[in-house]
Amino acid sequence: MSNFQKCSKPQGDKVALLSIKPRFADQIMSGSKRVEFRRSWAAVPVGMIAIYASSPIQRIIGLVEVKEIIIAAPTRLWTSCSMHGRGIPRKEFLSYFNGKRNGYGIVLGRTYAPNKPIDPKVVFDNFHAPQSFRYLSASEFSALDSEIQLQSGQ
């Protein structure tokens, strides 16, 4: 059984596909970054994130469980997330949130990596990388899960 099969059922109501810069995507998958910071976030609960490493990688490199969402003013968010690997220098963090009253800290749980990165064009019809994130439908998540199982030799 692949790791992906163990996480096929998202913990929350939705699965989101997130575009993440490759350096941060790699940190998440290695476990050194346990919080993903966002200027805005989903209106409905998300239990699982499919990580799309943006250019130049342009592949889905894994799944990660969502443990909790912290909403706070940027300076408070920085302090609140100090116990989780932030993966970003404070100066860059504050620049990212410049002008925002509140930010979101997505506390990440267990990660699941395929044997090799997934080309999203193989999984999704007319794929366009999301600017920030987009929800996956149940059929899209099922197609992604099937592709991952095929790559894992299952």
Side-chain angles (χ1 to χ4, degrees), residues 3-4 6-114 117-121 123-124 126-145 147-148:
N3 282 338
F4 278 92
K6 294 176 189 172
C7 69
S8 293
K9 298 291 182 194
Q11 293 178 6
D13 296 324
K14 294 285 185 180
V15 176
L17 176 68
L18 246 66
S19 287
I20 301 176
K21 291 179 182 179
R23 87 177 212 232
F24 298 128
D26 289 343
Q27 289 176 356
I28 289 169
M29 294 309 295
S30 74
S32 64
K33 185 176 194 294
R34 304 307 312 153
V35 180
E36 173 62 14
F37 295 107
R38 291 289 161 149
R39 292 170 54 93
S40 61
W41 186 234
V44 296
V46 171
M48 184 75 62
I49 294 171
I51 298 174
Y52 173 78
S54 60
S55 186
I57 307 298
Q58 299 179 319
R59 296 288 186 264
I60 297 169
I61 64 164
L63 296 174
V64 63
E65 295 172 348
V66 175
K67 290 176 72 174
E68 70 176 298
I69 305 296
I70 300 170
I71 305 167
T75 53
R76 187 174 192 107
L77 187 61
W78 179 260
T79 302
S80 296
C81 294
S82 65
M83 70 185 110
H84 311 286
R86 291 186 219 125
I88 185 172
R90 189 171 198 273
K91 185 177 180 180
E92 188 176 351
F93 172 89
L94 292 174
S95 175
Y96 177 68
F97 284 109
N98 186 34
K100 292 297 282 185
R101 178 173 287 205
N102 285 311
Y104 299 82
I106 305 163
V107 181
L108 305 171
R110 189 170 177 186
T111 60
Y112 305 88
I118 309 280
D119 181 348
K121 293 177 181 175
V123 180
F124 306 115
N126 302 314
F127 178 80
H128 298 287
Q131 189 70 14
S132 177
F133 78 94
R134 76 171 180 86
Y135 300 112
L136 295 182
S137 68
S139 62
E140 288 175 323
F141 182 70
S142 179
L144 177 60
D145 192 44
E147 179 64 23
I148 290 162

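Given the structure is predicted, the values throughout are model-derived calculations rather than measurements. Throughout, residue positions are numbered sequentially from 1 according to the sequence presented.
To the nearest 0.5 angstrom, Thr111 atom OG1 is 9.0 Å from Glu65 atom CD. Rounded to the nearest 0.5 Å, atoms CG (Leu144) and CD1 (Ile118) are 6.5 Å apart. Remark: Lys121 NZ to Asn126 CG distance equals 10.5 Å, nearest 0.5 Å. To the nearest 0.5 angstrom, Leu63 atom CG is 12.0 Å from Ile28 atom CD1. Glu68 contributes atom CD, which lies 10.5 Å from atom CD1 of Ile71 (distance to the nearest 0.5 angstrom). Atom NZ of Lys21 and atom CG of Asp26 lie 14.0 Å apart (nearest 0.5 Å).
Shown here are the side-chain contact (heavy atoms from CB on, under 4.5 Å) partners of Ser132, two or more places apart in sequence or in another chain: Arg38. With sequence neighbours excluded, the residues that form a side-chain contact (heavy atoms from CB on, under 4.5 Å) with Ala73 are Asn102. Here Ser80 pairs with Ile70, Arg76 under the side-chain contact (heavy atoms from CB on, under 4.5 Å) rule; sequence neighbours left out. Considering only residues two or more places apart in sequence or on other chains, Gln131 meets the side-chain contact (heavy atoms from CB on, under 4.5 Å) condition with none of them. Residues passing the side chain to side chain donor-acceptor pair (under 3.5 Å) test with Thr79, sequence neighbours excluded: none. For Phe93, the ring-ring contact (aromatic ring centres under 6.0 Å, His included) criterion is met by Phe37, Trp78, Phe97, not counting sequence neighbours. Residues passing the ring-ring contact (aromatic ring centres under 6.0 Å, His included) test with Tyr135, sequence neighbours excluded: Phe133.
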Got a list of side-chain donor-acceptor pairs under 3.5 Å for residues 39-62, not counting sequence neighbours?
| from | atom 1 | to | atom 2 | distance (Å) |
| --- | --- | --- | --- | --- |
| Arg39 | NH1 | Tyr96 | O | 2.6 |
| Ser54 | OG | Ile20 | O | 3.4 |

- [ ] Evaluate the criterion side chain to side chain contact (heavy atoms under 4.5 Å, CB included) for residue pair Leu18 and Phe24; output intermediate values, then yes/no.
- [x] CA-CA 12 Å; Leu18 246 66; Phe24 298 128; over 6 Å; no

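For the residue pair Val35 and Cys81, the shortest heavy atom distance occurs at CG1-SG, 3.9 Å.
Residue pairs meeting the salt bridge (Lys or Arg N to Asp or Glu O under 4.0 Å) criterion with at least one partner in residues 87-108, sequence neighbours excluded, are Arg23-Glu92.
Taking 4.5 Å as the limit, some side-chain heavy atom of Phe124 sits within range of a side-chain heavy atom of Leu136.
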